[in-house]
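Below is one structure, written out as structure tokens; comments come after it.
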Protein chains: 2
Amino acid sequence: MTQAAKKPSSASEAVVESVRERRRARTRDDIEATALGLFLERGYGATTIEDIAEAALISPRTFFRYFASKEDLLLARGRDKMALAARSLGERPPHEPVMDSLRGMLGVFAALHSTDRDRELAWMRLVTTTPRLAAGFLEMVHGMELVLRDFMALRLGVEAGHRRPRLVSAAVGTAFRVAAEMWHDSDGAEEMTVLVRENVETLVAPLLETWTGPARTSC
Amino acid sequence: MTQAAKKPSSASEAVVESVRERRRARTRDDIEATALGLFLERGYGATTIEDIAEAALISPRTFFRYFASKEDLLLARGRDKMALAARSLGERPPHEPVMDSLRGMLGVFAALHSTDRDRELAWMRLVTTTPRLAAGFLEMVHGMELVLRDFMALRLGVEAGHRRPRLVSAAVGTAFRVAAEMWHDSDGAEEMTVLVRENVETLVAPLLETWTGPARTSC
DNA sequence: TGGCTTTTTGGCAGCTTGTGTCATAGTGAC
DNA sequence: GTCACTATGACACAAGCTGCCAAAAAGCCA
């Protein structure tokens, strides 16, 4: 169920999705877009699953076959993007300076970012202004931090439970989160990617400098 | 409803709560303790409001007169503690070095901290292992950051929307959060307060040093 | 003590989210 | 065209949560 198409029937060898999978993805996108429209129109809380199902021409039961919850509908995409960006660190050359790897990750994230700025802004507004979603957003960033932590442990040469990978990965997540807040509050005036990069430079770079070089002390 | 006792009937002038208020507080504590016991025994998800109500000798309807939700039951106390600690910054001398104010805040927080270590550990385990609660915990810290942000804006002499108060307050919150994770993962072996202090020194101090002194540049 | 006012509580009815189950319709593979 | 698998819809149902109203309890005043 979770696995991708394992046997490409055509000659092409790229990610060939079966017809079913593509159809499923299209339905999923359709539900998502429909729901987002309703949310922006009436608000998150005032829109029921039944409303969404009706507007998307599916049954309420079917909704839950595409999304684990109403919350998931809005957060899944962001979660995937973040996880993908974080995991891309694994393909970085092992001896590259950590800051360079992070900059590379930002590039991956930027490439994944939707070009529809207004839509992203609306999404961000919805997510940050609805308490339950805001909590979910923070958890989403936290999930990315967990992936980052293992990477940092590897690069810093200590176990993941140590303070350094914990603090560094949390700092990166914080840089992301604060950038998102700034981007939203400025109505998208500044480029999100730039904001993230600046925050990482400010918050993470000094932290790494003290550790990647001479440090080999306690904790 | 939300206001405290305004007319103390006795001569004492401290925070005199009416009999009703004290009774209410006692019932609230009672429900909380009962529920925590059930959660630890059967798990958060496997314990229903009805179970809690029955064990606490109240009706399910009454439960919601004491707590906004099942989640709130576990998070309200922590939220209050953090808000109290953060707000205590307002009573600090205005020209005190920011790091000293933060250390003072940690003292307030430590004083509020329960002496029952096992109970706090169990609470932390419950909250961090239950996804929905974990998200709520993160939001709780985020709430503290919002209070911190205004304070930082004041001290740094810029508006709250600027990058510096944002990053510094978020860094403090992150220091808190990571300390909580470390404390939990180490089974409370290290003192929570110490962990927070060390994280603040590592993450926040360098950030402040670059800004409180010479800095008066752009952002 | 007795009566009045306010708060607290319980019960009920109802909405919403989310899940298990089963039958049915659609689709792809051969 | 048949067979197997998947997607869907239609229940039924548990649990969280809210509004509403009536009853009980608690404080208050004479």
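Order of the sequence lines sets the chain letters (A, B, ...), proteins ahead of strands, with each chain counted from 1.
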Let me know, please, whether B:Ser69 or B:Val19 comes out on the 5' side of the other along DNA chain D by nearest nucleotide. B:Ser69
Whole angstroms only, please: what is the [atom1]-[atom2] distance between [X] and [N]?
X: A:Ile31; N: D:dA7; atom1: CD1; atom2: P; value: 12 Å
X: B:Arg26; N: C:dT9; atom1: CZ; atom2: P; value: 11 Å
X: A:Phe64; N: C:dT19; atom1: CZ; atom2: P; value: 7 Å
X: A:Arg22; N: C:dG28; atom1: CZ; atom2: P; value: 10 Å
X: B:Arg24; N: C:dT7; atom1: CZ; atom2: P; value: 12 Å
X: A:Arg132; N: C:dT16; atom1: CZ; atom2: P; value: 15 Å
X: B:Arg65; N: D:dG19; atom1: CZ; atom2: P; value: 11 Å
X: B:Lys70; N: D:dC17; atom1: NZ; atom2: C1'; value: 12 Å

I need the residues from residues 32-58 of chain B with at least one non-hydrogen atom less than 4.0 Å from DNA chain C; give them sorted by number, or say none. B:Ile58
Which part of the nucleic acid, if any, lies within contact of B:Phe67, taking any heavy atom under 4.0 Å across all strands shown: a base, the sugar-phosphate backbone alone, or nothing? nothing
Would you mind classifying the nucleic acid contact of A:Phe63 as base, sugar-phosphate or nothing, using non-hydrogen atoms under 4.0 angstrom? nothing
Evaluation steps, salt bridge (charged side-chain N to carboxylate O under 4.0 Å, His left out), between B:Glu198 and A:Arg163: CA-CA 10 Å; B:Glu198 287 172 345; A:Arg163 188 194 304 274; 2.3 Å; yes
Check the phosphate of C:dG10 against B:Thr62, side-chain N and O only, distance under 4.0 Å to OP1 or OP2. Yes or no? yes
Does D:dT8 have its OP1 or OP2 closer than 4.0 Å to a side-chain nitrogen or oxygen of A:Tyr66? yes
Value rounded to 0.5 Å, distance of OG1 in B:Thr48 from CZ in B:Phe63: 10.0 Å
Hey, what do you get for CG (B:Leu126) to NE2 (B:His184), rounding to the nearest 0.5 Å? 9.5 Å
With heavy-atom distances below 4.5 Å as the criterion, would you say the side chains of [X] and [Y] are in contact?
X: A:His113; Y: A:Thr193; answer: no
X: B:Val200; Y: B:Arg103; answer: no
X: A:Lys70; Y: A:Phe39; answer: yes

Worked check of side-chain hydrogen bond (donor to acceptor under 3.5 Å, both in side chains) between B:Arg23 and B:Ser18: CA-CA 9 Å; B:Arg23 210 183 105 84; B:Ser18 73; over 6 Å; no
Can you figure out which of D:dT8, C:dT19, D:dG16 approaches the side chain of A:Arg23 most closely? D:dT8
Side chain of B:Arg61, heavy atoms from C-beta onward: which of D:dG19, C:dT8, C:dG20 has the nearest atom to it? D:dG19
